K.L.:
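Can you read through this structure? Questions will come right after.
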Protein chains: 2
Amino acid sequence: MKKVLNNTISVDCVIFGFDFEKLNVLLVDRVLVDEKTGKELFSDLTLTGNHIFEDESLEDAAARILFDLTGLENIYLKQFGAFGDTERLLKPNDQAWLRASGRDPHSRILSVGYYSLLATEKVTLKWKGRNVKWYPVAEVTDLAFDHYTILQSALQALRRELLYEPIGFELLPEKFTLSQLQKLYEVVLGVELDKRNFRKKIARMKYLIPLDEKQKGVAHKPARLYMFSREVYEKTRKEVFDFNI
Amino acid sequence: MKKVLNNTISVDCVIFGFDFEKLNVLLVDRVLVDEKTGKELFSDLTLTGNHIFEDESLEDAAARILFDLTGLENIYLKQFGAFGDTERLLKPNDQAWLRASGRDPHSRILSVGYYSLLATEKVTLKWKGRNVKWYPVAEVTDLAFDHYTILQSALQALRRELLYEPIGFELLPEKFTLSQLQKLYEVVLGVELDKRNFRKKIARMKYLIPLDEKQKGVAHKPARLYMFSREVYEKTRKEVFDFNI
DNA sequence: AAATCAAAGTGTTTTTTCAACACTAAACAG
DNA sequence: CTGTTTAGTGTTGAAAAAACACTTTGATTT
């Protein structure tokens, strides 16, 4: 049996999934049932998180959480923050939950947040008893603990990263159309983009490889498929900063 | 006496200071002396760090560390990462140090990193027995623990932040010249900038306020002084992302 | 008092990027 | 064969970026 490193450190994963229409996030339905009456006391949503084992780095723990939920490995994972406010576990539901699960409700837990990016179609969720589902990020209003704050922080980090690094591809299947890529930028950044200008811009990215292959089974002109080349990206990425205050 | 939250969580501060010439960082000279012979076994450098108290948020702890060293409050502080690799304390010197200071050398410590920005001239270091000094960032080659990695990570975060947010002013005294500001960008980003183009660019920043005041005591044409206006910045900052892949 | 030194300050031109905008082409559905 | 739907494609004017050199001002030196 693996030993837990320390009951005051946990890793929370904000697992984003894109389905060509909207950005989703994996959330766990946390139901607290009264032990005596068997009645449901409340139900709310949390991010997917877990403690960290003794022989595990933070990133290993994040990867493990992701693997346990999705069965996927080698998924893009990025640390975006550590959350340690003194009041982060003090909401009434959270206190009840901590007591019910046998933990000290006055304990502090430090959470290190990682976000990861998936094409929802790649995933068949492994529920493992827990009620884990995709929820549209735009519709999430509040979460247990300080998880809403953590989610917003992840979203902000994702947006910023998306603007400067080619990570959008992580949210798409291997082969994708330019319209899908554009939609992704629009959804994540919350903007509308001009189709022609968008295509001009990405035409400059050498690591976006056009394939001799087209969409199939669509009731309109089928789009050309593209894929991302990590090799080309790593060869051509510029190390230097643009000076662009 | 305050209780330490948990001996496996610490906060490390990367305190950057700018002196109009180069970027510096505050480091602690860690000297290990043999208890029996009194001989110095080794001496190396660490970042300034500390554990976190029970009633303290991460940011409070970072602010406290900074205050203890410099006596300054309300200093810009930014979290840039959490470091929890399994091997981060395993170098021989680090092991010896941990043993000598009565700690379990096999313990894992999670460090949350904050960087902060100062004009070196604002600071009179409060040594408090420890040997704390400014070192030019460019000349730091290795540090104890994984602190070199942490420093590089802080530097990267600072550079990125500097490109998109007006945080350069935090590294300068209240009143400064445009040449000093330019030098700051050059030093932090490691680039050379054209004076005229630089001035054209910053002329667009409304929050950079020209004063009716000039440099004194310089053996050349004295430069006009400027200051940063947080108010103007907060009024005019744009919430929207530029789409700039 | 004049000459020298050192950094301040200032414009123009060319190139590149950004933003706005509308029609034709291809596949499937009916 | 017609309609529907999305793919795909260029031009122009405006703004920003990049390249580039001389004059001004105050303090210091002679």
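Below, read A as the first sequence line, B as the second, and so on, with proteins coming before strands; counting in each chain starts at 1. These numbers come from a predicted model, not from an experiment.
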K.L.:
Can you name the residues that form a side chain to side chain donor-acceptor pair (under 3.5 Å) with B:Tyr114, not counting sequence neighbours?
P.N.:
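Partners of B:Tyr114 by the side chain to side chain donor-acceptor pair (under 3.5 Å) criterion, ordered by chain and then number, come out as B:Gln79.
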K.L.:
Distance check needed: D:dA14 P versus B:Arg204 CZ, whole Å only.
P.N.:
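Going from B:Arg204 (CZ) to D:dA14 (P), I get 18 Å.
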K.L.:
Once you round it to whole Å, what is the distance between P of D:dT6 and NZ of A:Lys183?
P.N.:
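The distance from NZ of A:Lys183 to P of D:dT6 comes to 11 Å, rounded to the nearest Å.
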K.L.:
Please report, rounded to the nearest Å, how far the P atom of C:dT17 is from the NZ atom of A:Lys201.
P.N.:
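Answer to the nearest Å: 11 Å.
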K.L.:
From C:dA6, C:dC18, C:dA27, pick the nucleotide closest to the side chain of A:His220?
P.N.:
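Of the options given, the side chain of A:His220 lies nearest C:dA27.
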K.L.:
Around atom NZ of B:Lys214, are there more than 12 heavy atoms of other residues, nucleotides or ligands at under 6.0 Å?
P.N.:
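Counting neighbours around NZ of B:Lys214, 12 or fewer heavy atoms of other residues, nucleotides or ligands fall under 6.0 Å, so no.
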K.L.:
Of the options B:Tyr226, B:Phe18, B:Tyr76, B:Phe228, which is the one that meets B:Phe169 in a ring-ring contact (aromatic ring centres under 6.0 Å, His included)?
P.N.:
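The residue from B:Tyr226, B:Phe18, B:Tyr76, B:Phe228 that satisfies ring-ring contact (aromatic ring centres under 6.0 Å, His included) with B:Phe169 turns out to be B:Phe228.
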K.L.:
With the threshold set at 4.0 Å, does a side-chain nitrogen-carboxylate oxygen contact exist between A:Glu121 and A:Lys175?
P.N.:
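Salt bridge flag = no for A:Lys175 with A:Glu121.
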K.L.:
Just how far, in rounded Å, is C1' of D:dA19 from CG of B:Leu193?
P.N.:
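In whole Å, D:dA19 C1' lies 14 Å from B:Leu193 CG.
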K.L.:
In whole angstrom, give the distance that lies between atom OH of B:Tyr185 and atom P of D:dA17.
P.N.:
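Those two atoms, OH and P, are 13 Å apart.
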K.L.:
Can you sort out the partners of B:Lys206 under side chain to side chain donor-acceptor pair (under 3.5 Å), two or more places apart, ordered by chain and number?
P.N.:
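Side chain to side chain donor-acceptor pair (under 3.5 Å) check on B:Lys206 returns nothing, list empty.
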K.L.:
Measure from CD on B:Glu21 to C1' on C:dA7 and round the result to the nearest Å.
P.N.:
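That distance rounds to 15 Å.
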K.L.:
For B:Phe198 and D:dC20, what is the distance between atoms CZ and C1' respectively, to the nearest whole Å?
P.N.:
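Nearest whole value for this atom pair: 18 Å.
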K.L.:
Just wondering, do A:Ser153 and A:Phe83 contact through their side chains at under 4.5 Å, heavy atoms?
P.N.:
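SC-SC contact between A:Phe83 and A:Ser153 confirmed.
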K.L.:
Can you work out whether B:Gln180 or A:Gly217 has the more 5'-proximal nearest nucleotide on DNA chain C?
P.N.:
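The 5'-side residue here is B:Gln180.
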K.L.:
Given atom CD of A:Glu192 and atom C1' of C:dA20, what is their separation to the nearest angstrom?
P.N.:
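My rounded result for the distance is 14 Å.
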K.L.:
Sort me out a list of protein N/O and nucleotides 8-11 of chain D N/O pairs below 3.5 Å, or just none if empty.
P.N.:
residue : atom : partner  : partner atom : Å
D:dG8   : OP1  : A:Arg224 : N            : 2.8
D:dG8   : OP2  : A:Arg199 : NH1          : 3.1
D:dG8   : N7   : A:Lys195 : NZ           : 2.7
D:dG8   : O6   : A:Lys195 : NZ           : 3.4
D:dG10  : O6   : A:Arg196 : NE           : 3.4
D:dG10  : N1   : A:Arg196 : NH1          : 3.4
D:dT11  : O4   : A:Lys200 : NZ           : 2.8

